[in-house]
J.: 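The structure that follows is given in the form of structure tokens.
Both counts, for ligands and for their atoms, begin at 1 and track the order of listing.
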Amino acid sequence: MDGIDTPRTQANLVLLGPPGAGKGTQARMLEEKFGLVQLSTGDLLRAAVKAGTEAGLQAKAVMEAGDLVSDEIVIAILRDRLAEPDCANGVILDGFPRTTVQAEALDGLMEDMGADIRVAISLEVDDAAMVTRISGRFTCAGCGEGYHDTFKTPAVDGTCDKCGGTEMTRRADDNAETVESRLRAYHAQTAPLIDYYDGKGVLARVDAMRDIDAVAQALTAVVREAVA
Ligand code: AMP
């Protein structure tokens with residue numbers, strides 16, 4: 001079925017997976033399909049860095065090194081964003097939680113809101129392919145649509161398919177060395193959350209080595225069932 005499939009009750013989803021797994025791309029697809037709001041702590045932190053806020057100043061060097069920003073900063077940023085009215089139907093968490101402390105804090109926030117994590121989806125990929133995926137990616141500065149030099153090029157070179165914008169940006173941390181640190185941080189601190197959500201009985205695994213459309217189809221099926 002095409003069009004928006006808005007869940008009947010608040011449905012919050014978590015996307016887990018290493019950098020390059022496709023969390024951002026798939027979150028944007030799910031956002032359109034299910035009327036949920038994508039919450040990317042990476043995007044929120046990059047906005048804080050750009051705005052020069054206190055949190056942004058503290059996060060900048062850590063992000064450039066490919067390490068994790070402190071739980072305290074990230075949880076505070078997420079808590080504020082979750083309180084905004086557009087999150088009322090539910091959110092797709094992209095890049096949060098990344099540590100057990102964050103996952104436990106999220107459970108507390110959900111409880112306070114009388115909500116829950118309906119499903120946590122692990123995007124399963126091979127690390128070896130992630131460096132190529134990340135090195136080629138770029139984003140429309142106007143609307144945030146993501147592209148890739150090989151896997152997803154705009155129909156007209158240099159022009160965004162979605163909004164017609166012509167300014168494209170590449171992330172400072174999307175380089176080979178930083179990607180290695182980001183993958184290490186993922187395996188050390190975030191991968192254990194797969195067991196955390198499995199233990200709660202809300203884990204789904206999706207093979208994310210396939211092309212973008214095939215992964216989107218698999219994810220849509222998982223989310224449709226979870227929010228039904
Ligand atoms: P992302 O856009 O999700 O790849 O995140 C980019 C960078 O932001 C990461 O490499 C971290 O430095 C930081 N970051 C984003 N989300 C989190 C989080 N939940 N916990 C700690 N650091 C984060």
J.: Which atoms of ligand 1 have any heavy atom of Arg46 under 4.0 Å away?
T.: 2 (O), 6 (C)
J.: Do the side chains of Asp86 and Arg81 get close enough for a salt bridge, i.e. N-O under 4.0 angstrom?
T.: yes
J.: Under 4.0 Å, heavy atoms only, figure out whether ligand 1 is touched by the backbone of Val74, its side chain, both or neither.
T.: side chain
J.: When rounded to the nearest 0.5 angstrom, what is the spacing between CG in Leu13 and CG in Leu93?
T.: 8.0 Å
J.: Measure the distance from atom 4 (O) of ligand 1 to every protein heavy atom, then report the residue, atom name and distance (to 0.1 Å) of the closest one.
T.: Arg171 NH2, 3.0 Å
J.: Heavy-atom distances under 4.0 Å decide this one: backbone, side chain, both or neither, for Leu45 against ligand 1?
T.: side chain
J.: Which of the atoms of ligand 1 are close to Gln102, meaning less than 4.0 Å from one of its heavy atoms?
T.: 18 (C), 19 (N), 20 (N), 21 (C)
J.: Between the side chain of Lys152 and the main-chain N/O of Gly146, is any donor-acceptor distance below 3.5 Å?
T.: yes
J.: Which residue and non-hydrogen atom of the protein lie closest to atom 18 (C) of ligand 1, and at what distance in Å?
T.: Arg98 CD, 3.4 Å
J.: Evaluate whether atom CD of Glu84 has more than 12 neighbouring non-hydrogen atoms of other residues, nucleotides or ligands under 6.0 angstrom away.
T.: yes
J.: Going by distance alone, is a donor N or O of one side chain under 3.5 Å from an acceptor N or O of the other, for Ser70 and Glu72?
T.: no
J.: Show which atoms of ligand 1 fall inside a sub-4.0 Å distance from at least one heavy-atom site of Asp67.
T.: 11 (C), 12 (O)
J.: Kindly check if the number of other-residue, nucleotide or ligand heavy atoms within 6.0 Å of CD (Glu64) is above 12?
T.: yes
J.: Please determine if Asp43 has a nitrogen or oxygen closer than 3.5 Å to a nitrogen or oxygen of ligand 1.
T.: no
J.: Is it true that Arg184 and Asp127 make a salt bridge, defined as a side-chain N closer than 4.0 Å to a carboxylate O?
T.: no
J.: Quick check: does Asp94 get an N/O under 3.5 Å from an N/O on ligand 1?
T.: no
J.: Going by the order shown, which atoms of ligand 1 are within less than 4.0 Å of some heavy atom of Met63?
T.: 7 (C), 8 (O), 12 (O), 13 (C)
J.: For ligand 1, which part of Asp173 has a heavy atom less than 4.0 Å away: the side chain, the backbone, both, or neither?
T.: side chain
J.: Among all protein non-hydrogen atoms, which one is nearest to atom 22 (N) of ligand 1, and what is the separation to 0.1 Å?
T.: Val69 N, 3.1 Å
J.: Are Leu30 and Val227 connected in a single hydrophobic cluster, I mean Ile/Leu/Val/Met/Phe/Trp/Tyr linked by side-chain heavy atoms less than 4.5 Å apart?
T.: yes
